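Order of appearance sets the numbers: ligands from 1, and atoms from 1 within every ligand. From a predicted model like this one, the values you see are computed outputs, not experimental measurements.
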Amino acid sequence: MSNYFNTLPLREKLNQLGVCDFMDSSEFLDGVSALKGKKLVIVGCGAQGLNQGLNLRDSGLDVSYTLRAAAIEGKRDSWKNATENNFNVGTYEELIPNADVVINLTPDKQHTAVVNAIMPLMKEGATLSYSHGFNIVEEGMQIRKDLTVIMVAPKCPGSEVRAEYVRGFGVPTLIAVHPENDPQGKGLAQAKAYAVGTGGHRAGVLKSSFVAEVKSDLMGEQTILCGLLQTGSILSFDKMVEKGIDAGYASKLVQYGVEVITEALKQGGITAMMDRLSNVAKVKAFEISEELKDIMRPLFQKHQDDIMSGEFSRIMMEDWAAGDKNLLAWRAETGETAFEKTPAGDVKITEQEYFDNYTLMVAFVRAGVELAFETMVQAGIKPESAYYESLHETPLIANTIARKKLFEMNRVISDTAEYGCYLFDQACKPLLADFMKKVDTDLVGKNFNEGKDGGVDNRTLIDVNEAIRSHEVEQIGATLRKAMTAMKAIKTA
Ligand SMILES: NC(=O)C1=CN([C@@H]2O[C@H](COP(=O)(O)OP(=O)(O)OC[C@H]3O[C@@H](n4cnc5c(N)ncnc54)[C@H](OP(=O)(O)O)[C@@H]3O)[C@@H](O)[C@H]2O)C=CC1
Ligand SMILES: CC(=O)[C@](C)(O)C(=O)O
Ligand SMILES: [Mg+2]
Ligand SMILES: [Mg+2]
């Protein structure tokens, strides 16, 4: 097998990277009917497996789980997840031969082995589905020609696929049909029905390609979504402790702050998030986020370049071959950070205080979202896709940090995302060392407005507002959010 993307001629690379059609709600009037009465068998019952299955069942579809024999015999967590939720569970031999759609929701590093094990058992003309195209795009997996290969990729962690559905909303979803595997032409109808089944159509569905999904998904998770939220959280906590802010207060501000701040982002973009600051704080946050963008731009570009060239997947696959040596070591290190080890203090922090006392995080988020968006678009990813991946998903990742900090975030995201998150974090911290030396408690830990009279230069404020509002991520965001009429506000700390 070899990297599928790298075997394509340039025009075809560009072609597939550019596939991105926002699907109008009228495209989903058939609901789940293309999958109704069909046997959907999910392989694996982890973060995506369990939560997608719950949504699909609640949408009236026939869902069961197949697990490797050892997981069933050992009654492992995946077996418990499925059986405690009253799903039918069986071995590959028991369930795959009758499945109309086999949904592969095992970790990316297992895909080649899993697909090689299940493919011979699949019935003629069945469908194989993925939620991330790594195996097809980066490893060049070849699928039997009678099988249809689709992708339904929710732009968020599995836990939030469920949480948003239960709230009556959904998460933006990329769907695709692999051009090499659509013998009956039914792939698109099935992928659409599946996206309705998970609730994705209420938030927005893009008709994408395996290539466009992989090259954007890897970029988002490594940089703004997971990498930068990790780096920003740790640096913020350490700074507060260094400057004598109570550690319990610092822990609480960082754990919940990013969720509160990015809730405004989700509802009204960078503009709404920045508008939560006083005028003086907004001007300052704008200035430091411009500085942060200049410092971090080369790192964002390096991540995108390595993703496009296949260098990222090459080094990650080396780690797979080494039994996840680096991943496991980095995971353990994350668990040992002072932020992770310091419980949130029993102090009241009001919703507004999270903005006023954590201006630094507002600046990190603006810088990271805009940089990720700009870098993706420059690399040929379409703005709609870049918006979901950089802006809309950030609050959904922040929800996992609010739940149980960074170790939890890294547990819930895929191993692929986790590996890339650590790579970014390790490169970003030294890059920000000089910047962080200048940061004081007015930006993190104390109210930025304290001791200031609140006055700003009108011209400066007008220019700042204009720069924020005219960014392309705000333009496309305003359009895409118009379709999100069912969006629910979430209860933050
Ligand atoms: N995590 C997320 O939020 C997101 C993930 N995705 C994609 O979804 C897919 C699934 O990822 P994720 O939900 O994180 O995976 P998890 O690690 O949470 O779940 C893995 C499941 O697969 C099973 N499994 C592991 N190894 C094997 C194996 N060799 N053979 C059979 N079953 C195995 C595990 O069960 P057991 O070990 O007990 O057998 C477990 O039930 C990936 O393609 C990922 O990129 C996409 C969007 C977001
Ligand atoms: C949660 C999600 O969308 C990720 C970050 O892409 C993943 O877990 O791989
Ligand atoms: Mg993703
Ligand atoms: Mg991912």
Asks: What is the ring orientation for Phe134 with Trp320, classed by angle as parallel under 30°, tilted 30 to 60°, or perpendicular over 60°?
Replies: tilted

Asks: Quick one: does NZ or CZ of Arg202 land under 6.0 Å from the six-membered ring centre of Phe169, within 45 degrees of the ring axis?
Replies: no

Asks: Within a distance under 4.0 Å of any heavy atom of Pro157, pick out the atoms of ligand 2 and give their elements.
Replies: 1 (C)

Asks: Any idea which N/O/S atom from Glu221 gets closest to the Mg ion (ligand 4)?
Replies: OE1

Asks: Can you list the atoms of ligand 2 that are under 4.0 Å from a heavy atom of Ala417?
Replies: 5 (C), 7 (C), 8 (O), 9 (O)

Asks: Give the C-alpha distance, both sets of side-chain angles, the deciding distance and a yes or no for ring pair (Phe, Tyr, Trp, His ring centres under 6.0 Å) between Phe5 and Phe210.
Replies: CA-CA 10 Å; Phe5 181 72; Phe210 275 66; over 10 Å; no

Asks: Which label fits Phe237 and Phe339: parallel for a plane angle under 30°, tilted from 30 to 60°, or perpendicular past 60°?
Replies: tilted

Asks: Might you work through the side chain to side chain contact (heavy atoms under 4.5 Å, CB included) test for Phe435 and Ile288, ending with a clear yes or no?
Replies: CA-CA 9 Å; Phe435 170 87; Ile288 60 173; 4.2 Å; yes

Asks: Could you check whether the rings of Tyr419 and Trp330 sit parallel, tilted or perpendicular, using 30° and 60° as the cut-offs?
Replies: tilted

Asks: Is Asp217 in contact with ligand 2, taking contact as a heavy-atom separation below 4.0 Å?
Replies: yes

Asks: Which part of Glu393 is near ligand 2, with near meaning a heavy atom under 4.0 Å away: side chain, backbone, both or neither?
Replies: side chain

Asks: In terms of the angle between their ring planes, are Tyr4 and His178 parallel, tilted or perpendicular, with boundaries placed at 30° and 60°?
Replies: perpendicular

Asks: Only heavy atoms of Ser414, strictly under 4.0 Å: list the atoms of ligand 2 that pass.
Replies: 7 (C), 8 (O), 9 (O)

Asks: Among the N/O/S atoms of Asp217, select the one at the shortest distance from the Mg ion (ligand 3) and name it.
Replies: OD1

Asks: Does an N or O anywhere in Glu221 fall below 3.5 Å from an N or O of ligand 2?
Replies: yes

Asks: Which bit of Ala47 gets closer than 4.0 Å to ligand 2, counting heavy atoms only: side chain, backbone, both or neither?
Replies: neither

